[in-house]
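Notes follow the structure.
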Amino acid sequence: MRRSATAGALALATIAALFTGCASDTGAAPAGSQNPLAQVKAEDLVPKDIVGRGPNGVKSGTLDDIKLTEAEVNQAKQRKFRVGIVMQTMNIEWSTEQVRAITDRLKKYDAEVVGVADPNFDVQKQVSSIENMIQLKPDAIISIPVDDTATAEAYRKIGAAGIKLIMMDNVPTGLKYPKDYQGMVSSDNQGNGAVCAEALAKHIPQGGTVGVLDFGVDFFVTKERMKGFVGWMKANRPDIKIKVAEFLDPANSGKDAGNFLTANPDVQGMFTEWEVPAVGIDQALRAQGKTMPITAVNIASDVAADLATGGNIKALGAQVPYDQGLAEADMAIKVLLGGTAPNWLAFPAVPVLQNNVLQAWKQVYHQDPPSQLAEACKSTEGCG
């Protein structure tokens, strides 16, 4: 989802059962506590197992399922495979890291990236991008849909053209495994929602109220994050009341958040499903002269800086886009060599708190944190 333009400016019974017991301490911090997450170890927030299920309710496979043998690597090098990438946007670090990882990994197999399409969240542009990519006749395409339903017919054309398809995060509506696509990689999105719920709950007193700014579009991963958040709350903090507002355009999420906060003055904390609407909530709070704990999914420069310096962002549940990109590349090569890949492969959630933000950045991006983030952390007590 799109990076905010203000990046520099910010220095359910079955589901419930899945989450019961995730937390070692589900209560809120005592009144007067400055940061109830200060002494929490991030690893203690990670659910014991992959919480969610993939499309059609499948369990996650493992990295061993897509590991290539030395013989397969040598065979791939001889074949000189060509792979196309069709993203949803390239305006966020999640996307740039996916592409970087796919490119890095394919070099290991002497495979070529024939092109990277950026439709910038425009359905028609993505449909055209898919059709154009098919014309390049790659051996495989790795992609994430902008809209699960509106792009489905375009994605069906990939298999019809004899091209292998590996999905990121979502599977377009009606596509069947392994006929139409040969594997999908994501994070444990329900797990990330659970991480955000547990962290936010520590800021909320008994009987308190939280708000959720929910993406009102049929998008598998965001709905999974919502399930994870609500499921954990129902299982561990049923005393907390949850109010929900929807937004449709990420660029207008700040306005939607402002309207919701004005109409619901009892809200004491907010959750949203990725970093862009989290920035929107933060902007709305600042415009109203308020402070409030926010949790969200994804670690990006803007929200990481706000978290590090003690702003409204209090915790994040992170994906691992670089690791996901490596897995997607391996999947593509595996199926091109005649092997099979899991219907769904998920990576565990990575909790990000103020006390581990620099370490988490390295884990997620396989790179040192940006200098601005490192400097901000140096000047903030409890940041690490």
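In this chain, numbering begins with 1 at the start of the sequence shown.
Closest of all the heavy-atom pairs between R156 and E153 is NH1-OE2, 2.5 Å. Closest of all the heavy-atom pairs between P293 and L200 is O-CD1, 3.7 Å. For the residue pair F81 and I333, the shortest heavy atom distance occurs at CD1-CD1, 3.8 Å. In terms of heavy-atom proximity, P351 sits nearest to A42 at CG-O, 3.2 Å. Shortest non-hydrogen contact noted between T222 and E273 is O-OE2, 3.5 Å. Residues G317 and V195 share a closest heavy-atom pair of CA-CG1, 4.2 Å.
Atom-to-atom distance recorded for N343:CG and D65:CG is 11.5 Å, nearest 0.5 angstrom. For the atom pair CD of Q88 and OG of S129, the computed distance is 12.0 Å after rounding to the nearest 0.5 Å. Note: L175 CG to N170 CG = 12.0 Å, rounded to the nearest 0.5 Å. Rounding to the nearest 0.5 Å gives a distance of 8.0 Å between CZ of F271 and CE of M226. Note that NZ of K290 is 13.5 Å distant from CG of D282, once rounded to the nearest 0.5 Å. Expressed to the nearest 0.5 Å, how far CD of E328 lies from CD1 of I66 amounts to 9.0 Å.
Inter-residue side-chain proximity for T295 and I313 is flagged as unmet; no heavy-atom pair is nearer than 4.5 Å. Residues Q319 and F347 fail the side-chain proximity criterion, which asks for heavy atoms closer than 4.5 Å. Put simply, the side chain of K80 does not reach to within 4.5 Å of the side chain of E112, judged on heavy atoms. At least one side-chain heavy atom of I102 sits less than 4.5 Å from a side-chain heavy atom of M168. Using a 4.5 Å cut-off on side-chain heavy atoms (C-beta onward), I294 and L285 make contact. Counting only heavy atoms from C-beta outward, the side chains of I141 and I85 never approach each other to under 4.5 Å. Between E198 and N236 the shortest side-chain heavy-atom distance does not fall below 4.5 Å. Proximity of T380 to Q354: side-chain heavy atoms (C-beta onward) are separated by under 4.5 Å at one or more points.
Atom NZ of K362 is surrounded by 12 or fewer heavy atoms from other residues, nucleotides or ligands within 6.0 Å. Dense packing is recorded around CD of E43, with more than 12 heavy atoms of other residues, nucleotides or ligands lying under 6.0 Å away. When the shell of 6.0 Å around NZ of K314 is examined, it contains more than 12 heavy atoms from other residues, nucleotides or ligands. In the displayed structure, K223 atom NZ is contacted under 6.0 Å by more than 12 heavy atoms of other residues, nucleotides or ligands.
Looking at S187 and Q324, their side chains never bring a donor and an acceptor atom within 3.5 Å of each other. Looking only at atom types and distance, the side chain of E275 has a donor-acceptor partner in the side chain of N298 under 3.5 Å away. Residues N189 and R225 have side chains that bring a donor and an acceptor to within less than 3.5 angstrom of each other.
Ion pairing of R105 with D330 is present here, as a side-chain N (NZ or NE/NH1/NH2) and a carboxylate O approach within less than 4.0 Å. Checked for salt-bridge contact, K125 and D118 miss the test: no charged N lies under 4.0 Å from a carboxylate O. The pair E131-K157 counts as a salt bridge, with a side-chain nitrogen and a carboxylate oxygen less than 4.0 angstrom apart. Salt bridge status for D139 with R82: absent, with no side-chain N to carboxylate O gap under 4.0 Å. The pair D306-R286 meets the salt-bridge criterion, with a side-chain N (NZ, NE, NH1 or NH2) lying under 4.0 Å from an Asp/Glu carboxylate O. D266 and K243 are joined by a salt bridge, as a carboxylate oxygen and a charged side-chain nitrogen come within less than 4.0 angstrom of each other. Of the charged side-chain nitrogens involved, none lies within less than 4.0 Å of a carboxylate oxygen, so that R53 and E224 do not count as a salt-bridged pair.
Between the side chain of N356 and the backbone N or O of Q359 there is no donor-acceptor pair closer than 3.5 Å. No donor-acceptor distance shorter than 3.5 angstrom exists from the side chain of T209 to the backbone of V267, with no hydrogens or angles considered.
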Next on the checklist: Run S186 and M184 through side-chain contact (heavy atoms from CB on, under 4.5 Å) and show every step you take.
Outcome noted: CA-CA 7 Å; S186 76; M184 191 268 271; 4.0 Å; yes

Checklist entry - When you look at L373 and S301, which way does the side-chain contact (heavy atoms from CB on, under 4.5 Å) test go after all the steps? => result CA-CA 8 Å; L373 178 58; S301 300; over 6 Å; no

Item to check | Derivation and outcome, ring-ring contact (aromatic ring centres under 6.0 Å, His included), residues Y155 and Y181 | outcome: CA-CA 9 Å; Y155 278 104; Y181 72 100; 10.0 Å; no

Item to check | Worked verdict on N355 versus C383 for side-chain contact (heavy atoms from CB on, under 4.5 Å) | outcome: CA-CA 5 Å; N355 62 29; C383 186; over 6 Å; no

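One hydrophobic cluster, built from ILVMFWY side chains closer than 4.5 Å, holds both M331 and V221. Linking Ile, Leu, Val, Met, Phe, Trp and Tyr whenever their side-chain heavy atoms come within less than 4.5 Å leaves I142 and Y322 in two separate clusters. V116 and L326 sit in two unconnected hydrophobic clusters of ILVMFWY residues. Membership requires side-chain heavy atoms under 4.5 Å apart, directly or through other members.
Taking the centre of each ring, W344 and Y177 stay at or above the 6.0 Å mark.
Ring geometry for W361 against Y365 counts as tilted: the plane angle lies between 30° and 60°, on a 0 to 90° scale.
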